[in-house]
Amino acid sequence: MAEVVIVKDSIEGGSVAAGLIARLVRRKPDAVLGLATGSTPLSTWQALAKLNLDLSKVRGFALDEYVGLPVGHPQSYRSVISREVVGPLRLTPEFVRVPADSGPLETAGDDYEQAIRDAGGVDLQVLGIGRTGHIGFNEPGSSLASLTRVKTLTEATRTDNARFFDSPDQVPTHCITQGLGTILRAKHLVLLAFGAAKAPALAGAVEGPVTSSLPGSVIQLHPNVTVIADEAAAAELKFADYYRNAWNSRLDWERD
Ligand code: GLP
């Protein structure tokens with residue numbers, strides 16, 4: 001069962017997640033982080049920046065990227081990661097990869113998998129969750145064993161992400177994303193969810209059946225998962241009282 005931490009709001013959630021990343025980097029300065037985009041992880045990056053750690057040796061792999069945006073487009077995930085993660089955290093830009101950032105698109109998935117393997121695998125993967133239950137851009141129906149590949153976005157996700165573009169028709173139709181199997185290979189998954197709109201997807205991911213119809217449910221196959229959710233996102237969790245009790249009764253060695 002995932003460790004579920006229910007927090008007051010995204011600020012507190014970001015600080016819990018930043019604490020997990022800080023603990024990892026203190027132990028392993030060249031840790032490999034899996035980086036998520038979207039609005040959900042922003043409070044984590046902000047809290048981590050405030051800790052003022054030396055993150056210059058950290059390596060990073062973004063979860064996903066749009067296909068078809070011109071290089072340098074402000075909403076490409078390469079641009080978002082540079083602006084919201086690499087800059088504020090003072091990561092070394094050359095150590096941070098985004099899918100399809102070099103070479104032909106046809107082989108970009110395999111190349112990315114190889115690059116992650118060459119780096120020794122992802123130590124800690126930060127994840128958000130979409131309303132459709134997607135993680136990365138693995139939309140419903142994605143194979144639970146999938147690896148990095150090009151996918152077609154659902155209309156629901158294009159509509160959700162239209163807020164970042166001038167008009168809905170500018171949202172790309174395709175993406176390249178780490179697969180669910182790729183995500184499962186990371187050593188620690190940290191899934192963040194804030195706000196009432198995420199409550200059904202989060203409940204399905206944490207407590208529903210494991211199914212490709214709700215790709216986030218694949219986290220139940222992973223032995224080391226921390227879910228951090230605010231009260232609104234946690235509202236549909238059946239075992240919320242147990243999660244609160246387990247978190248408040250952590251043993252001393254689990255607290256540092
Ligand atoms: C996007 C991203 C996901 C993200 C999700 C939720 O489409 N590809 O990685 O987790 O949707 O986004 P947000 O955090 O803005 O709600």
Side-chain angles (χ1 to χ4, degrees), residues 7 9-11 13-14 17 33-47 60-69 73-81 83-85 96-101 109 112 122 124-142 146 148-165 168 170-180 182-184 186 189-206 214-219 225-230 232-234:
V7 293
D9 53 25
S10 62
I11 303 295
L33 290 184
L35 305 169
T37 47
S39 40
T40 306
L42 290 177
S43 60
T44 298
W45 311 135
Q46 284 155 9
F61 286 91
L63 265 179
D64 45 14
E65 176 60 295
Y66 290 113
V67 167
L69 290 180
H73 188 288
Q75 291 310 325
S76 74
Y77 284 172
R78 162 57 79 190
S79 299
V80 172
I81 291 276
R83 195 166 61 232
E84 290 167 357
V85 187
V96 178
R97 296 282 313 266
V98 173
D101 57 5
Y112 206 60
V122 170
L124 185 153
Q125 176 65 58
V126 176
L127 295 168
I129 187 163
R131 238 173 6 115
T132 63
H134 71 246
I135 54 175
F137 266 138
N138 294 282
E139 298 283 24
S142 294
S146 50
T148 306
R149 73 242 183 268
V150 173
K151 290 282 291 179
T152 309
L153 293 170
T154 60
E155 283 312 304
T157 297
R158 291 188 69 231
T159 304
D160 281 352
N161 290 4
R163 67 191 192 280
F164 297 114
F165 292 82
Q170 289 180 9
V171 184
T173 53
H174 289 77
C175 64
I176 177 164
T177 181
Q178 286 190 33
L180 298 173
T182 318
I183 292 168
L184 283 180
L189 304 182
V190 177
L191 173 68
L192 306 164
F194 304 125
K198 300 295 175 70
L202 186 73
V206 176
L214 201 148
S217 64
V218 79
I219 65 167
V225 182
T226 307
V227 172
I228 303 172
D230 66 3

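All ligand and atom numbering here is 1-based and tracks the order in the structure. Fair warning: this is a prediction, and the values are worked out from it, not measured in the lab.
Ligand 1 has no nitrogen or oxygen under 3.5 angstrom from a nitrogen or oxygen of P41. Residue-to-ligand polar distances place H134 within reach of ligand 1: an N/O pair is separated by less than 3.5 Å. At least one N or O atom of R163, backbone or side chain, sits closer than 3.5 Å to an N or O atom of ligand 1.
Contact detail for T182 and T148: the closest heavy-atom pair is OG1-N, 3.4 Å. Of all non-hydrogen atoms in I81 and A36, the two that sit nearest each other are CD1-O, 4.4 Å. For the pair I176 and A100, the tightest heavy-atom approach, listed with the atom from each and the gap, is CG2-CB, 4.0 Å. Taking all atoms of both residues into account, the shortest heavy-atom contact from D9 to F194 is O-CE2, 4.3 Å.
When non-hydrogen atoms are compared, ligand 1 lies under 4.0 Å from the backbone of T40 as well as from its side chain. Residue-level proximity to ligand 1 for Y66 is absent, since no heavy atom of it falls below 4.0 angstrom. With a 4.0 Å heavy-atom cut-off, ligand 1 is reached by no atom of D160.
The shortest heavy-atom distance from F194 to ligand 1 is not under 4.0 Å. Look at K198 and you'll find a heavy atom under 4.0 Å from some atom of ligand 1. At a 4.0 Å cut-off, not a single heavy atom of A36 sits close enough to ligand 1 to count as contact.
In the vicinity of D64, heavy-atom distances shorter than 4.0 Å reach the ligand 1 atoms 2 (C), 8 (N), 9 (O). Each of the following atoms of ligand 1 lies closer than 4.0 Å to a heavy atom of S39: 13 (P), 14 (O), 15 (O), 16 (O). Near Y77, meaning under 4.0 Å from one of its heavy atoms, ligand 1 places the atoms 1 (C), 2 (C), 7 (O), 8 (N). In summary, the atoms of ligand 1 found under 4.0 Å from a heavy atom of N161, numbered by their order in the structure, are 1 (C), 7 (O).
With sequence neighbours left out, the ring pair (Phe, Tyr, Trp, His ring centres under 6.0 Å) criterion links F165 to Y66, H73. In this structure R158 satisfies the salt bridge (charged side-chain N to carboxylate O under 4.0 Å, His left out) test together with E155, sequence neighbours excluded.
When only modelled atom types and interatomic distance are considered, R131 and T159 share no side-chain donor-acceptor pair under 3.5 Å.
At least one donor-acceptor pair under 3.5 Å links the side chain of S146 to the backbone N or O of L180. At least one donor-acceptor pair closer than 3.5 Å links the side chain of Q178 to the backbone N or O of A62.
Nearest protein heavy-atom contact of atom 6 (C) of ligand 1 is I129 O, 3.7 Å. Counting only heavy atoms of the protein, atom 4 (C) of ligand 1 lies nearest to T37 O, 4.2 Å.
Looking at G136, G38, G128 and measuring to atom 3 (C) of ligand 1, the nearest heavy atom belongs to G136.
Atoms OG1 and NZ, on T177 and K151 in that order, are 9.0 Å from each other to the nearest 0.5 Å.
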